[in-house]
Amino acid sequence: MMPIGPLMIEHRWIERVIADLQLRLGAHSPRKPIDPAYVERVVDFLRTYADRCHHGKEEDILFRDLEQKALEPGLVASMRELVSEHEWARATTRRLVSAHASSAAGNKDSMADVRRLLADLASFYPKHIEKEDKNFFRPVMACLSTDEQQAMLGEFARFDASLIHEKYRRLAQDLEAES
Ligand SMILES: [Fe+2]
Ligand SMILES: [Fe+2]
């Protein structure tokens, strides 16, 4: 398998959550608050899976290795654009978390912000994924040898294995800090 295999499987899971989010937003009256427990679950998915696990492997491993290759200028420009889109998604998710906290504290105006930010993320992810799947992943694989691709798959697996420890060690530290 090429390293883009696991990344493309992750894309399919992100698409499923985003399609479900779009359905919920479409079926939901704009005047009613969105279930706070749902917002927390979708934020956890976006932060832990879509950003830390998925964008993490793209940026910290795939893009890092591609920086060492003589990519054609169009691919270099695409890689810069993808990184800035990841930054946008991260910042938008942070804004969603703070709008959600404000809405939970009773601020009625923040409810509309939660809805708008969820809609922004729902329209962002399919376009970002399509750009990678159709125009970036396959051409960049040609820049890596079979050995480099195998090594990258191994590094992806080690990266994924470290995440559960990272997530729950942080939770443990947060719990300690709060007591
Ligand atoms: Fe990406
Ligand atoms: Fe991706």
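Distance alone, capped at 3.5 Å, is enough to place a donor-acceptor pair between the Arg115 side chain and the Leu25 backbone. A donor-acceptor pair under 3.5 Å links the side-chain atoms of Gln149 to the main chain of Leu144, judged by distance alone.
Of the charged side-chain nitrogens involved, at least one lies within less than 4.0 Å of a carboxylate oxygen, so that Glu67 and Arg80 count as a salt-bridged pair. Comment: Asp44 does not engage Arg41 in a salt bridge, judged by the lack of any side-chain N to carboxylate O separation of less than 4.0 angstrom. The pair Asp20-Arg24 meets the salt-bridge criterion, since a charged nitrogen lies less than 4.0 angstrom from a carboxylate oxygen. Between Lys127 and Glu85, none of the side-chain N atoms (NZ, or NE/NH1/NH2) sits under 4.0 Å from a carboxylate O, so this pair counts as no salt bridge. Ion pairing between Arg52 and Asp60 holds under the 4.0 Å rule for side-chain N and carboxylate O.
Note that NZ of Lys167 and OG1 of Thr48 are 3.5 Å apart. Values are rounded to the nearest 0.5 Å.
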Exercise answer: donor-acceptor pairs, residues 152-165 side-chain atoms, under 3.5 Å, sequence neighbours excluded:
{"from": "Glu155", "atom 1": "OE1", "to": "Arg64", "atom 2": "NH2", "distance (Å)": "2.8"}
{"from": "Glu155", "atom 1": "OE2", "to": "Arg64", "atom 2": "NH1", "distance (Å)": "2.9"}
{"from": "Glu155", "atom 1": "OE2", "to": "Arg64", "atom 2": "NH2", "distance (Å)": "3.4"}
{"from": "Arg158", "atom 1": "NH1", "to": "Gly154", "atom 2": "O", "distance (Å)": "3.4"}
{"from": "Asp160", "atom 1": "OD1", "to": "Lys57", "atom 2": "NZ", "distance (Å)": "2.8"}
{"from": "Ser162", "atom 1": "OG", "to": "Phe159", "atom 2": "O", "distance (Å)": "2.6"}

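Glu15 and His11 share no donor-acceptor pair across their side chains, judged by distance under 3.5 Å alone. Counted by atom type alone, Ser110 and Ser102 present one or more donor-acceptor pairs between their side chains at under 3.5 Å.
Annotation: side-chain contact (heavy atoms from CB on, under 4.5 Å) contacts of Ser78 (sequence neighbours excluded): Phe136. Here Trp88 pairs with Phe124 under the ring-ring contact (aromatic ring centres under 6.0 Å, His included) rule; sequence neighbours left out.
Each of Val114, Leu118, Asp120 was scored for a side chain to side chain contact (heavy atoms under 4.5 Å, CB included) with Arg116, with one residue passing: Asp120.
Summarising the local packing, CZ of Arg12 is surrounded by more than 12 heavy atoms from other residues, nucleotides or ligands at distances under 6.0 Å.
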Before you tell me yes or no, could you show the steps for Asp51 and His86 under side chain to side chain donor-acceptor pair (under 3.5 Å), namely the whole-Å CA-CA distance, both residues' side-chain angles and the distance that decides it to 0.1 Å? CA-CA 8 Å; Asp51 192 46; His86 293 172; 5.8 Å; no
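Aromatic rings of His55 and His128 (six-membered ring for Trp) have centroids within the 6.0 Å cut-off, being under it.
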